[in-house]
There are 2 protein chains.
Amino acid sequence: MPRIVTIAAAQLGPIQKAESRADVVGRMIALMDEAHARGANFIVYPELALTTFFPRWYHEDRAEADSWFEASMPNAATAPLFDKARALGMAMSFGYAELTPEGRHFNTSILVDRSGKIAGKYRKVHLPGHVDYDDTRSHQHLEKRYFEPGDLGWPVWNFEGGLVGMAICNDRRWPETYRVMGLQGVEMVVLGFNTPSVNSQRSDEGLEDRLFHHRLSVQAGAYQNSTFVVAVAKAGTEDGHHLTGGTLVVDPNGKILGELDHEHDGVLVVACDLDDTRFGKETIFDFARHRRVEHYGLITERTGAGEPLGR
Amino acid sequence: MPRIVTIAAAQLGPIQKAESRADVVGRMIALMDEAHARGANFIVYPELALTTFFPRWYHEDRAEADSWFEASMPNAATAPLFDKARALGMAMSFGYAELTPEGRHFNTSILVDRSGKIAGKYRKVHLPGHVDYDDTRSHQHLEKRYFEPGDLGWPVWNFEGGLVGMAICNDRRWPETYRVMGLQGVEMVVLGFNTPSVNSQRSDEGLEDRLFHHRLSVQAGAYQNSTFVVAVAKAGTEDGHHLTGGTLVVDPNGKILGELDHEHDGVLVVACDLDDTRFGKETIFDFARHRRVEHYGLITERTGAGEPLGR
């Protein structure tokens, strides 16, 4: 009997600086209604779904940026989303900026089960960008200024009848992300992203290249770990900066099952049979038979590139 | 000043069981002449370049398979190839089945410098297939019967003015392969392969899918480590079994610079500026700034997939 998870990849169009959480939550609820009407039971929203992608804005005083963060979850602004999900019996995942009671800052996403309970939390490990204002760039990307690297690793949860993990944006370019979850048997990775359409350090790397790298990384991670990957974009021109879009669902064979080609709010609904992950996991990527960890030591021994070992 | 390595990816068409090493070496020399005439200074041949892809044949007595192995390198059959390379001042890499003085068996490739000296040796780590005859498969793939897993890891060498590493065939599907070399600053990975056009355990996975997975893995490995990858096929119908072909050169951006679309002996010549690896290594894949090894532990702690860690 197939194990179907009908997933809704809920892309958000741009969120301008002036938009309130309440406005955005209203848009997310509309997408949830559509996803539910189309038979989905698990909806995934982008990274930092509640606000504009604020790490493009420099605040000399970092505390000023705290207005972009959520000190609790759910909270007054997001309670209607949780209520709606509970009413519809819909599982969900979304990203937000997390401010902990201890004053720590993370780029976070959560899994929320059909009863509205937070079943899993992930904090983004691979923060791109830089700490200080950089006038050599065409725009700023200050994730390293506003967030600490995640401290939770990549747990995989029993969720919606399968093994589900999370990643966020830049994590998808790093094979370690998928492999750590693959080694827990992951069957579906859900991730949100905000990717500027131009490389801030190389103006000739534009939309086409950026989407190419996005698809390449997600498809390779899916294939090499025989898992579904659901990658959900914020899209369109936000605060004057264009984002790539490129919301897609990839199967365990690395093939794209569906992709959104627009830049506004919209859902991509795909029925995923989690048993389709079995073939790859039992044959070419049966890790127990084929991996040779005795030769992988450098992956954890070295952070940066070091001396070549030949001779 | 650019650091150009003009690479020749020297695809071999099929080698039938009855063909002698001398015949094959003659074909390899012809390719080297062509590569030299077209300006190449480094030629790369496929995995197990000297013989048919013998792991498709079952020998109950494994020692019978020793006829496919080389007990020394160079040897009488390959000396003309080494002589030719020395005469032309051509660096080269090729694969062969290695039988050591201690009676050990490896699927090996070597780097040979312009003076004809073996500058580096690699032994295939990720052996696909199975140990015993398997009558559920459409054809046999007995690499685990005839070879031990490599015991040398993935060293990277100073070679031809750059940092060069090797991999073989199935290694290219494993992100650990590229990452271990990426952590040594690799600028060019050379690898040979023999890939059957049909999955022996899934008849509906044919040529198109197999080439898709090949390109996906090689392009992702190149992009995610900002390195050139030169992947060289044995192609065509060998002993009644069709091989995918798909010889290609990929740049550090993950883009295919050139690909052969035929199934016979032929060279793909591409001038690669190794300095093109710098941008990626200094920005998005500056490992020292962005990798978080504290969360990668499972990659070496677990061989096979184990329990999920959520909750």
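Just so we're on the same page: letters track the sequence lines, and every chain starts at 1.
- A salt bridge does not link B:K124 to B:D171: none of the charged nitrogens lies less than 4.0 Å from a carboxylate oxygen.
- For the pair B:R278 and B:D275, the salt-bridge criterion is not met [side-chain N within less than 4.0 Å of a carboxylate O].
- Ionic pairing of A:D286 and A:K281 is not present here: no N-O contact between side-chain nitrogen and carboxylate oxygen is shorter than 4.0 angstrom.
- With respect to chain B, the highest number of heavy-atom pairs below 4.5 Å among A:Y122, A:W174, A:F159 belongs to A:W174.
- Each of A:Q224, A:R179, A:R292 was checked for a side-chain contact (heavy atoms from CB on, under 4.5 Å) with B:E176, and the lone residue meeting it is A:R179.
- A:L163 touches chain B through its side chain: at least one heavy atom from C-beta onward sits under 4.5 Å away, while N, CA, C and O do not.
- Contact count versus chain A (heavy atoms, under 4.5 Å) is highest, among B:R215, B:K121, B:H126, B:M181, for B:H126.
- The contact between A:N158 and chain B is made entirely by side chain atoms (from C-beta outward), counting heavy-atom distances below 4.5 Å.
- Between chain A and the options B:E205, B:H295, B:R311, heavy-atom pairs under 4.5 Å are most frequent for B:H295.
- Using a 4.0 Å cut-off between charged side-chain N and carboxylate O, B:R104 and B:E98 make no salt bridge.
- Looking at A:L111, neither its backbone nor its side chain comes within 4.5 Å of chain B, counting heavy atoms on both sides.
- Proximity to chain B (any heavy atom under 4.5 Å) is restricted, for A:F212, to the side chain, taken from C-beta onward.
- With respect to chain B, the highest number of heavy-atom pairs below 4.5 Å among A:V186, A:D151, A:T177, A:N253 belongs to A:N253.
- Ranked by non-hydrogen atom pairs under 4.5 Å with chain A, the options B:V125, B:V164, B:L152 are led by B:V125.
- Without hydrogens or angle criteria, B:D113 side chain to B:S115 main chain gives a donor-acceptor distance under 3.5 Å.
- A:H130 does not touch chain B: none of its heavy atoms, backbone or side chain, sits under 4.5 Å away.
- When the candidates B:N199, B:N170, B:I284, B:L127 are compared by the number of heavy-atom contacts under 4.5 Å with chain A, B:I284 comes out ahead.
- Checked by atom type, the side-chain pair A:Q140/A:D134 shows no donor-acceptor distance below 3.5 Å.
- Interface remark: of the candidates A:Q201, A:R173, A:E301, A:R173 forms the most heavy-atom pairs closer than 4.5 Å to chain B.
- Using a 4.5 Å cut-off between heavy atoms, A:R289 contacts chain B through both its backbone and its side chain.
- With respect to chain A, the highest number of heavy-atom pairs below 4.5 Å among B:L183, B:V293, B:L309 belongs to B:L183.
- A salt bridge links B:D132 to B:R145: one of the charged nitrogens lies within less than 4.0 Å of a carboxylate oxygen.
- Ranked by heavy-atom pairs shorter than 4.5 Å toward chain A, the options B:E307, B:K144, B:E294 are led by B:K144.
- In terms of non-hydrogen atom pairs under 4.5 Å with chain B, the most contact-rich of A:P308, A:A220, A:G221, A:G120 is A:P308.
- Proximity of the aromatic rings of A:H214 and A:F193 is defined here by a centroid distance below 6.0 angstrom, and this criterion is met.
- With ring centers used as reference points, B:Y223 lies under 6.0 Å from A:H213.
- Ring pair A:Y296/B:W154 is parallel by interplanar angle, where below 30° counts as parallel and above 60° as perpendicular.
- The part of A:F279 that comes within reach of chain B is its side chain, from C-beta onward, which places non-hydrogen atoms under 4.5 angstrom from that chain.
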